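Note that this is a predicted model, so its numbers are computed, not measured.
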Amino acid sequence: MSDSGAFIRTASTFRNFISRDPGSQFPPESGRYHLYVSYACPWASRCLAYLKVKGLDKAISFTSVKPIWERTKETDEHMGWVFPTSDTEEPGAAPNPFNGAKSIRELYELASTNYTGKYTVPVLWDKKFKTIVSNESAEIIRMLNTEFNDIAENPAVDLYPPHLRAEIDKMNEWIYSGINNGVYKCGFARKQEPYDEAVKQLYDALDQCEEILSKQRYLCGNILTEADIRLFVTLIRFDEVYVVHFKCNKKLLREYPNLYNYTKDIYQIPGMSSTVNVQHIKRHYYGSHPSINPFGIIPVGPNIDYSSPHDRARFTA
């Protein structure tokens, strides 16, 4: 938190890169890497979306943590991501299959004995060197897009094509600030002024997206790109969580005809729906932020059916 009561996100720490370059410390190898995610977390979910869209879920295994934060050690009060102790304890989550860690925190402590940062997901783990390759989702998705093409089932899918990179980067910048991180700036603001500023920026950005999507199927034209995946993970949580929990209630996603149908369009891409676990999403947000929702009560709705028909096919692919 800043002195003004505004939410400020800290930077990621582990920034290694898997590369096909000769001599790379982390070469792309099937079965070597493991992705730790939370279905609740949008940053982790966009990495999982890449696994599915690129057809890498056989080459890179993944495990989801439990949705609600718990104590990670008996010696302090830290609350964070933990693994279930059995396959039946938490549907959708699984015990950690490697390295003995019982929490995401323990993964960081295994990778660095003097680590002092936050214990976030996603975590891209190297089973060979028993360390964290990266915990920066924006860089993990770039690796998954290009560096594993020799073993990907869908190598022709390029979500960051060279001719659109400048446009994608520009799109990512204002969407991240206004929407992806914008909902958090609304939700975690502790004073009225930073909330008012964040919510204005959020809805200005949503209005801009709505305008763009009134003219074309996706953000950068009529092909799916990285920018769409990054926006989708926030939109899919918007009406279920952010409207209520983060006070983003000026306008529902369902009141934006283009954004709403666009969200359904992306949700219906093969494999994408498997990355969306609404129960984990709702249980995490409403159950893990006692400063916002002290009693942990989960609202009953709205339970949107994103598999229903959409109108995005009106744009030529």
Side-chain angles (χ1 to χ4, degrees), residues 11-12 14-30 32-33 35 42-60 122 124 133-181 205 208-235 258-259 262-263 265-272 275 312-317:
S12 300
F14 292 89
R15 308 291 287 271
N16 299 302
F17 208 89
I18 295 171
S19 173
R20 290 185 287 181
D21 293 342
S24 170
Q25 181 184 6
F26 300 102
E29 297 174 4
S30 182
R32 175 169 171 172
Y33 302 101
L35 184 66
W43 323 111
S45 293
R46 67 190 188 185
C47 296
L48 191 54
Y50 265 68
L51 281 192
K52 299 296 184 179
V53 172
K54 289 288 296 186
L56 285 168
D57 44 341
K58 293 178 183 175
I60 302 172
L124 186 57
V133 179
S134 178
N135 68 337
E136 174 48 66
S137 65
E139 294 171 6
I140 292 173
I141 62 177
R142 295 275 173 93
M143 301 177 212
L144 299 180
N145 185 56
T146 58
E147 301 309 300
F148 290 87
N149 278 345
D150 291 342
I151 52 178
E153 292 180 359
N154 302 320
V157 173
D158 186 357
L159 297 168
Y160 191 57
H163 70 288
L164 290 175
R165 287 179 183 178
E167 185 178 353
I168 291 169
D169 290 344
K170 185 177 180 181
M171 196 82 67
N172 286 344
E173 187 174 355
W174 62 264
I175 288 176
Y176 171 80
S177 177
I179 301 176
N180 299 136
N181 199 41
Q208 189 172 348
C209 289
E210 177 72 5
E211 174 64 19
I212 292 169
L213 294 169
S214 72
K215 301 171 184 175
Q216 57 198 39
R217 187 163 186 172
Y218 302 113
L219 289 171
C220 295
N222 287 327
I223 64 167
L224 184 79
T225 69
E226 173 185 296
D228 299 300
I229 302 293
R230 289 172 55 125
L231 177 59
F232 168 79
V233 294
T234 299
L235 297 183
N258 293 297
L259 274 169
Y262 164 86
T263 303
D265 188 10
I266 297 178
Y267 178 83
Q268 292 171 33
I269 292 170
M272 191 65 72
T275 72
R312 304 303 290 171
R314 72 184 192 268
F315 298 105
T316 56

Would you call D265 and R314 a salt bridge, taking side-chain N to carboxylate O under 4.0 Å as the test?
no
Mark yes or no for whether [X], through its side chain, and [Y], through its backbone, hold a donor-acceptor pair below 3.5 Å.
X    : Y    : answer
T146 : R142 : yes
R217 : I223 : no
K52  : D57  : no
E226 : L159 : no
S177 : E173 : no
R312 : Q216 : yes
N180 : R230 : yes

Output, in order, the C-alpha distance, side-chain angles, deciding distance and verdict of side chain to side chain contact (heavy atoms under 4.5 Å, CB included) for I141 and I229.
CA-CA 10 Å; I141 62 177; I229 302 293; over 6 Å; no
Atom [atom1] of [X] and atom [atom2] of [Y]: how far apart are they, to the nearest 0.5 Å?
X    : Y    : atom1 : atom2 : value
E136 : L124 : CD    : CG    : 12.0 Å
H163 : D158 : NE2   : CG    : 9.0 Å
E211 : L259 : CD    : CG    : 11.0 Å
L164 : T225 : CG    : OG1   : 7.0 Å

In short, W43 meets S137 closest at the heavy-atom pair O-CB, 3.3 Å
Over all heavy atoms of both residues, which pair between Y218 and I212 is shortest? Give the atoms and the distance, please.
O-CG2, 4.5 Å
Using the salt bridge (charged side-chain N to carboxylate O under 4.0 Å, His left out) criterion, which residues pair with E139? Sequence neighbours excluded.
R15
What's the verdict on side chain to side chain contact (heavy atoms under 4.5 Å, CB included) for R32 and F26, showing C-alpha distance, side-chain angles and the deciding distance?
CA-CA 10 Å; R32 175 169 171 172; F26 300 102; 4.1 Å; yes
Taking the inter-plane angle between the rings of F148 and Y33 on a 0 to 90° scale, is it parallel (under 30°), tilted (30 to 60°) or perpendicular (over 60°)?
perpendicular
Do you see a donor-acceptor pair shorter than 3.5 Å between the side chains of K215 and N258?
no
Could you tell me if the side chain of F14 sits less than 4.5 Å from the side chain of V133, heavy atoms only?
no
May I have the step-by-step check of side chain to side chain contact (heavy atoms under 4.5 Å, CB included) for Y262 and F232, ending in yes or no?
CA-CA 9 Å; Y262 164 86; F232 168 79; 5.5 Å; no
Residue pair I266, L231: steps toward the side chain to side chain contact (heavy atoms under 4.5 Å, CB included) verdict:
CA-CA 10 Å; I266 297 178; L231 177 59; over 6 Å; no
